[in-house]
Amino acid sequence: MQEQVDVVVVGLGPGGEFAAGELAAAGLDVIGIEAGLVGGECPYWGCVPSKMMIRAGNALAEAGRVPFLAGEGKAVADWDRVADRVRSEAASGWNDRAAAGRLEARGVRLVRGTGRLAGPHRVIAGERAFEAARGVVLATGSRPRVPPVPGLEGTPYWTNREAIEAEEVPASMLVLGGGAIGVELAQVFARFGCAVTVLEGGDRLLAQEEPEAGELAARALRADGVTVRTGVRAVQIEHDGTMFEALLEGGLEPLRAERLLVATGRRPDLAALAVDTAGIDPAAPAVPTDGQLRAADGLWAIGDITGRGAFTHVAMYQARIAVRDILGRPGPDADYRALPRVTFTDPEIGAVGLTERQARERGVRVRTALVPIASSARGLVHGPGNEGFVKLVEDAGRGVLVGATSAGPTGGEVLYGLNVAVHAEVPTARLEHMIYTYPTFHRTVEAALRELR
């Protein structure tokens, strides 16, 4: 027998949790289905705990700069403090009682289990079936993409989850993948004494960002003792019960390490959602949606499964639009032209909009400028740790920014102004005429604007 409800939200990560809570608060009868922890990846194994670990590693690095700046100083690394803070302050012991309680207090009826579509407006979770009068919201996120390297399956490799839950720092670690997750965790563990090697099959780290960003990340990792190997792939993984060994293409010398972290991206699992019952290809890389996040009649999709980036801020942004549409309230379509992202290495690497290459591929007449942070007065004041740059990508025909990168000690924070400029299409001539606070890191933006001329 089907239970009649207004809305079913499948997946209660940041976007799904927000959508379910808002819809219930608006008076709708909402079922929220979650197979894991309410809150999803971000608070337990992603954004929040990883940044706690990064904060700890950055504190050690800053202590190491004291002799260059202020006199004598020494910090002794203690991973127990990091693990305890992650466990107690971020992940709540990997228990979602508090999050589930908050959601239920808003009126959401929580169902534990795996939900899947069963036709228009219909969802099945275990033995229960629901028919949603208003519709269904898919917000099931993504899972680590594990490459089909022979021998890897069945070994005790880590994903981001095991790395976040680590109670001890391994003596050595091999990281497969040089994207944001791989480089962030590589730097953290290296700063706590782990001998880390990053293996990236592409020709540079952070392949989705500007080449200069990947080069900066590689320099930063190497400065912390990380071995960075690009353009090399593992062709076989072996584990003898104690150590991992990666055999490399081209007969290069194998790499050995106590732990192996797989950080080769994430992917949604559309087939498990039975999206074919809604006319969606289960083999597709993402669920296609319109500007109001509609995927089909009575079906909305938000978050990672839409293919707009595995970011909490994207899921939350999309959730607000979907909620508004479900409630029948008019509003603008989703606008991704100024999609921001930050890799929280030291230095931070923030970016928004298009890279230079992406802009050229779209036929934009591009003009660029790049200015090092160290050349600014604030960079001089900051001293050690002042590596970074501001890069601007201008549509020269329209005189507006279509992309920017802000890398430096506070790269993610400096990005905010650039995000506004790209989103609002503020003319670069007007940006150049602004007054920029002195001495700040963001004053480098002014210098980069002058370089565009």
Side-chain angles (χ1 to χ4, degrees), residues 2-3 5 7-20 30-46 94 96 99-100 103 108-132 135-148 152-154 157 159-162 181 262-289 293-312 314-315 318-319 322:
Q2 292 185 132
E3 299 179 48
V5 299
V7 177
V8 176
V9 179
V10 184
L12 297 173
E17 181 183 10
F18 176 85
V30 180
I31 293 290
I33 301 174
E34 177 54 57
L37 300 182
V38 174
E41 197 79 6
C42 178
Y44 303 105
W45 300 283
W94 290 278
D96 69 351
L103 193 61
V108 178
R109 290 192 285 152
L110 177 60
V111 173
R112 301 283 188 176
T114 300
R116 59 185 176 86
L117 298 176
H121 294 258
R122 298 188 66 237
V123 175
I124 294 174
E127 300 298 317
R128 300 177 69 177
F130 303 94
E131 184 167 13
V136 177
V137 179
L138 298 179
T140 49
S142 59
R143 62 182 60 181
R145 178 186 289 110
V146 180
L152 179 60
E153 186 177 357
Y157 63 83
T159 66
N160 64 295
R161 290 196 171 195
E162 290 77 18
I181 294 173
V262 175
T264 50
R266 301 182 65 84
R267 64 173 181 84
D269 187 355
L270 302 190
L273 286 170
V275 295
D276 55 305
T277 65
I280 299 169
D281 181 3
V287 174
T289 61
L293 284 309
R294 304 178 192 124
D297 177 48
L299 182 66
W300 289 260
I302 61 176
D304 297 8
I305 62 171
T306 65
R308 296 292 183 171
F311 304 113
T312 292
V314 171
Q318 293 176 324

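Reckoned from all heavy atoms, side chains included, excluding hydrogens, waters and symmetry mates.
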Trainee: Is Q318 reaching over with its side chain to a backbone N or O of G303, donor-acceptor style, under 3.5 angstrom?
Mentor: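 Yes: the side chain of Q318 pairs with the backbone of G303.
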Trainee: Of all the heavy-atom pairs spanning P147 and T264, show the shortest one and how long it is.
Mentor: CD-OG1, 3.2 Å
Trainee: Can T114 and I33 be said to form a side chain to side chain contact (heavy atoms under 4.5 Å, CB included), step by step?
Mentor: CA-CA 7 Å; T114 300; I33 301 174; over 6 Å; no
Trainee: Checking R161 against E41 for the salt bridge (Lys or Arg N to Asp or Glu O under 4.0 Å) test, could you report, in this order, the C-alpha distance in whole Å, the side-chain angles of both residues, the deciding distance, and whether it holds?
Mentor: CA-CA 9 Å; R161 290 196 171 195; E41 197 79 6; 2.8 Å; yes
Trainee: Measure from the side-chain N and O atoms of N160 to the backbone N and O of W45, and report whether any donor-acceptor pair falls under 3.5 Å.
Mentor: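 Flag set: sc N160 to bb W45 pair under 3.5 Å.
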Trainee: Looking at every non-hydrogen atom in both residues, tell me the closest pair between L293 and A322 and how far apart they are.
Mentor: CB-CB, 4.3 Å
Trainee: Over all heavy atoms of both residues, which pair between G119 and T277 is shortest? Give the atoms and the distance, please.
Mentor: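 The pair with the smallest heavy-atom distance is N-OG1, 3.3 Å.
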Trainee: Using side-chain heavy atoms (C-beta onward) and a distance below 4.5 Å, is D96 in contact with E34?
Mentor: no
Trainee: Do the side chains of S142 and R267 get nearer than 4.5 Å, heavy atoms only?
Mentor: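 Of all side-chain heavy-atom pairs linking S142 with R267, none is under 4.5 Å.
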Trainee: How far apart are the C-alpha atoms of I280 and L299, what are their side-chain angles, what is the distance that settles it, and do they pass the side chain to side chain contact (heavy atoms under 4.5 Å, CB included) test?
Mentor: CA-CA 11 Å; I280 299 169; L299 182 66; 3.9 Å; yes
Trainee: Using the side chain to side chain contact (heavy atoms under 4.5 Å, CB included) rule, take I305 and L138 through it: C-alpha gap first, then chi angles, then the decisive distance, then the call.
Mentor: CA-CA 8 Å; I305 62 171; L138 298 179; 3.5 Å; yes
Trainee: With a 4.5 Å heavy-atom cut-off, do V123 and I31 have their side chains touching?
Mentor: no
Trainee: For A132, is there any backbone N or O sitting under 3.5 Å from a side-chain donor or acceptor partner on H121?
Mentor: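 Checking the backbone N and O of A132 against the side chain of H121, a donor-acceptor pair under 3.5 Å is found.
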Trainee: What are the two closest heavy atoms between Y44 and A99, and how far apart are they?
Mentor: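 Looking at all heavy atoms of both residues, the shortest contact is OH-CB, 3.9 Å.
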Trainee: Do V146 and L152 have side chains that get closer than 4.5 Å, going by heavy atoms?
Mentor: yes
Trainee: State whether the side chain of E17 and the backbone N or O of P14 hold a donor-acceptor pair below 3.5 Å, judged by distance alone.
Mentor: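 Not at all, since once roles are kept as given, no pair shorter than 3.5 Å links the two residues.
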Trainee: With sequence neighbours left out, what residues match R145 under salt bridge (Lys or Arg N to Asp or Glu O under 4.0 Å)?
Mentor: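 R145: no salt bridge (Lys or Arg N to Asp or Glu O under 4.0 Å) contacts found.
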Trainee: Heavy atoms, side chains only, cut-off 4.5 Å: are V136 and F130 in contact?
Mentor: no
Trainee: Please examine the side chains of L270 and T140, heavy atoms only from C-beta on, and report whether any two atoms are closer than 4.5 Å.
Mentor: no
Trainee: Which distance, rounded to the nearest 0.5 Å, do you find between the CG of D304 and the CZ of R143?
Mentor: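 The distance works out to 12.0 Å.
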Trainee: Test side chain to side chain contact (heavy atoms under 4.5 Å, CB included) on I302 and V137; report intermediate values, then the result.
Mentor: CA-CA 7 Å; I302 61 176; V137 179; 4.0 Å; yes
Trainee: Mind listing the closest non-hydrogen atom pair of T306 and A301 along with its distance?
Mentor: CG2-O, 3.4 Å
Trainee: Taking all atoms of both residues into account, what is the closest heavy-atom pair of G36 and R112, and its distance?
Mentor: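 For G36 versus R112, the nearest heavy atoms are O-NH1, 3.3 Å.
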Trainee: When you measure from the side chain of R116 to the backbone N and O of A274, does any donor-acceptor pair fall under 3.5 Å?
Mentor: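 No; zero donor-acceptor contacts below 3.5 Å.
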Trainee: Taking C-beta and beyond as the side chain, do V7 and V9 meet within less than 4.5 Å on heavy atoms?
Mentor: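 Yes, close enough: below the 4.5 Å cut-off.
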Trainee: So, is the end of the R294 side chain (NZ or CZ) under 6.0 Å from the ring centre of W300 and within 45° of the ring's axis?
Mentor: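 Here R294 fails the 6.0 Å and 45° test against W300.
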